[in-house]
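Structure record follows, encoded as structure tokens.
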Protein chains: 2
Amino acid sequence: MKTTHPETLRPRKTPTQARSAATVGAIFEATIQVLLTDGGHRLTTTRVAERAGVSVGTMYQYFPHKQALMYAVVHQHLTMFVDEFEAACFRHWNEPIANITQGMVTAFLDIKIRHPDVTRALYKIADELDTDELRFGTAKSLQTACVSLLGSAPDVTFENLPDIAFTLLTAMNGTTRAVFEFGAEPEMVKMLHIQLLALCRGYLDISAVQRSNVSH
Amino acid sequence: MKTTHPETLRPRKTPTQARSAATVGAIFEATIQVLLTDGGHRLTTTRVAERAGVSVGTMYQYFPHKQALMYAVVHQHLTMFVDEFEAACFRHWNEPIANITQGMVTAFLDIKIRHPDVTRALYKIADELDTDELRFGTAKSLQTACVSLLGSAPDVTFENLPDIAFTLLTAMNGTTRAVFEFGAEPEMVKMLHIQLLALCRGYLDISAVQRSNVSH
DNA sequence: TCCAAAGCCGAATAATCATTCATATACTGC
DNA sequence: GCAGTATATGAATGATTATTCGGCTTTGGA
């Protein structure tokens, strides 16, 4: 598996004029749309340029190659996801485990639902990327945030917190992904929310150890 | 999204002589190996033929096109998975829910672990396939088996059994997939087994309704 | 031993793709 | 309005790809 050196994945130039920022935005959006309608293995520079309403040459002014474009798109959205998820974690810091669970599940789902196209598109691009750095890095960040949040619960403690966080996140992701790949119809999403709450609550209940109430 | 008509996905000829069966076997195995080493987007007819030790022409004697080859490989392994999973379900029929849970989780994991290369390879080929029929069909079969098995527990009942089965299977799949994509080292697999047992037990505990003991 | 069927080969073909670059247009400050 | 920079163009290039087909080799049986 040949991996492209990260250095070369950086965009070629930073847009200064307003129109070029618009161009890059159009290219990003077009990438998502091509992924949705044609699939990852038909994500070609020609198709993206066409859908974005620009020429291929223009694309190559901002990205040295296709890998760089894909990297940028994935990076943008994964970073956004991590940021919003971490923000939600801070919001529920130190709350009882029941609140934490409900807050985390709801936040996880909300972010995905707020950008349904992006969510579905990212599932399709994974195999095209020459590096796993982004996915692994994101997984690590989410796990860290989750560990901290669960550890902040005043009413319980957990053994193997990293393992529990890992399992919780990947399980949520598995069910969510399945729902989105099935079309993510509103009733299905509603069901997903309900079942994920039960899943996580049940898992954390069974894994939690009551904390002896040591007051200050 | 152009989908290939299922009819054309059928193999071109059925091997009669022993050596041709060996050829097809080599092609199947080569497909898995190319997926693992090169990734789905570099799964080419040339590469598969080369790794299988046959010529491209030979491949086209058994499969009318690349889609048919991929379809055959995926179909073979998904069918195997469903068969083994259903067999495990029958084995735990009518047992108490605690046994059912443990049996189902263990079977799910065992099948994946018994064919680690196949497990990882199938994650990579999904986007290349022009049809979702196989994935959706498999999901449906597994869900049906799971619904029946859970429904057979004498000590509990569930509401929304299809939703619960769906959630259970996709959650297990999500965590399992993550572990395999991280390399599936032995200690990781051990952790996976432990955590999946807790996850499913917790979820089913919380979703179950005690069945009033109506003795005949 | 011999032959028809089964199996195999791989160069040739036509399509598609990523990437380049010489040229043209649009914008910004003056 | 002008000069210089930023941005956009798209035909051309070379690589890679899926698929074909005419000819070759092996096999199983008579």
Side-chain angles (χ1 to χ4, degrees), chain A residues 1-2 4-5 8-28 30-31 34-35 38-73 125 127-130, chain B residues 2-5 8-28 30-31 34-35 38-73 125 127-130:
Chain A
M1 170 106 54
K2 187 175 61 177
T4 313
H5 188 72
T8 71
L9 290 174
R10 201 178 306 219
R12 197 161 248 168
K13 62 167 27 167
T14 318
T16 63
Q17 298 182 7
R19 66 172 167 150
S20 78
T23 299
V24 173
I27 292 173
F28 273 48
T31 304
V34 171
L35 281 171
D38 298 331
H41 61 127
R42 279 190 278 254
L43 182 80
T44 68
T45 50
T46 315
R47 259 189 274 262
V48 171
E50 192 181 22
R51 168 114 22 166
V54 302
S55 79
V56 266
T58 298
M59 280 188 36
Y60 276 89
Q61 214 143 24
Y62 297 100
F63 306 98
H65 42 244
K66 210 180 93 171
Q67 281 294 319
L69 167 62
M70 297 191 296
Y71 187 96
V73 170
I125 207 181
D127 184 72
E128 313 292 321
L129 263 180
D130 272 347
Chain B
K2 186 175 61 177
T3 62
T4 313
H5 188 73
T8 72
L9 290 174
R10 200 178 306 221
R12 199 161 247 169
K13 62 166 27 167
T14 318
T16 65
Q17 298 182 8
R19 66 172 167 154
S20 78
T23 299
V24 173
I27 292 173
F28 274 47
T31 304
V34 170
L35 280 171
D38 299 329
H41 61 126
R42 278 191 278 253
L43 182 80
T44 68
T45 51
T46 314
R47 258 189 274 261
V48 171
E50 192 179 24
R51 169 122 7 176
V54 302
S55 81
V56 266
T58 298
M59 278 187 38
Y60 276 89
Q61 215 145 21
Y62 297 101
F63 307 98
H65 42 244
K66 209 179 93 169
Q67 281 295 319
L69 167 63
M70 297 192 296
Y71 186 95
V73 171
I125 207 180
D127 184 72
E128 313 291 323
L129 261 179
D130 272 347

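The analysis underlying the following values was restricted to heavy atoms, covering all of them including side chains, and did not include hydrogens, waters or symmetry mates. Labels below follow one simple rule: chain letters A, B, ... track the order of the sequence lines, proteins then strands, and each chain is numbered from 1.
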Separation of [X] atom [atom1] from [N] atom [atom2], in whole Å?
X: B:H65; N: D:dT19; atom1: NE2; atom2: C1'; value: 11 Å
X: B:H41; N: D:dA18; atom1: NE2; atom2: P; value: 13 Å
X: A:L69; N: C:dC17; atom1: CG; atom2: C1'; value: 15 Å
X: B:Q67; N: D:dT17; atom1: CD; atom2: P; value: 16 Å
X: A:R19; N: C:dC27; atom1: CZ; atom2: C1'; value: 6 Å
X: A:E50; N: C:dA18; atom1: CD; atom2: P; value: 13 Å
X: A:F63; N: D:dA8; atom1: CZ; atom2: P; value: 12 Å
X: A:Q61; N: C:dT23; atom1: CD; atom2: P; value: 16 Å

- Identify which nucleotide among C:dG7, D:dT19, D:dT17 has an atom closest to any side-chain atom of B:Y62, counting heavy atoms from C-beta outward.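 Within the option list, the nearest is C:dG7.
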- Which nucleotide in the set C:dC9, C:dA18, D:dA18 lies at the smallest distance from any side-chain heavy atom of B:T44? D:dA18
According to a strict under-4.0 Å criterion, is [X] in side-chain N/O contact with OP1 or OP2 of [N]?
X: B:R47; N: D:dT17; result: yes
X: A:T23; N: D:dA8; result: yes
X: A:Y60; N: C:dT20; result: no
X: B:R42; N: D:dT16; result: no

- Item | Sugar-phosphate, base or nothing in reach of B:T45, heavy atoms under 4.0 Å |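 Counting heavy atoms under 4.0 Å across all strands, the contact made by B:T45 includes a base.
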Could you pull out all residues at least two apart from [X] that satisfy side-chain contact (heavy atoms from CB on, under 4.5 Å)?
X: A:A52; result: A:A26, A:I27, A:A30, A:V54
X: B:T44; result: B:T46, B:R47
X: A:S55; result: A:T58
X: A:V56; result: A:T45, A:A49

- Message: Using only atom types and a distance under 3.5 Å, with no angle test, would you say the side chain of B:D127 pairs donor to acceptor with the backbone of A:I125?
- Response: no
- Query: With no hydrogens and no angle check, is any side-chain donor or acceptor of A:E128 less than 3.5 Å from a backbone partner on A:L43?
  - Reply: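 No, A:E128 side chain to A:L43 backbone: no donor-acceptor pair under 3.5 Å.
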- Message: What verdict does the side-chain contact (heavy atoms from CB on, under 4.5 Å) test give for B:K66 and B:T31, after you've listed the backbone C-alpha separation in whole Å, the side-chain angles of each residue and the deciding distance to 0.1 Å?
- Response: CA-CA 11 Å; B:K66 209 179 93 169; B:T31 304; over 6 Å; no
Detail all sub-3.5 Å separations between protein N/O atoms and N/O atoms belonging to nucleotides 10-13 of chain D.
| unit_1 | atom_1 | unit_2 | atom_2 | d |
| --- | --- | --- | --- | --- |
| D:dG10 | N7 | A:S55 | OG | 3.4 |

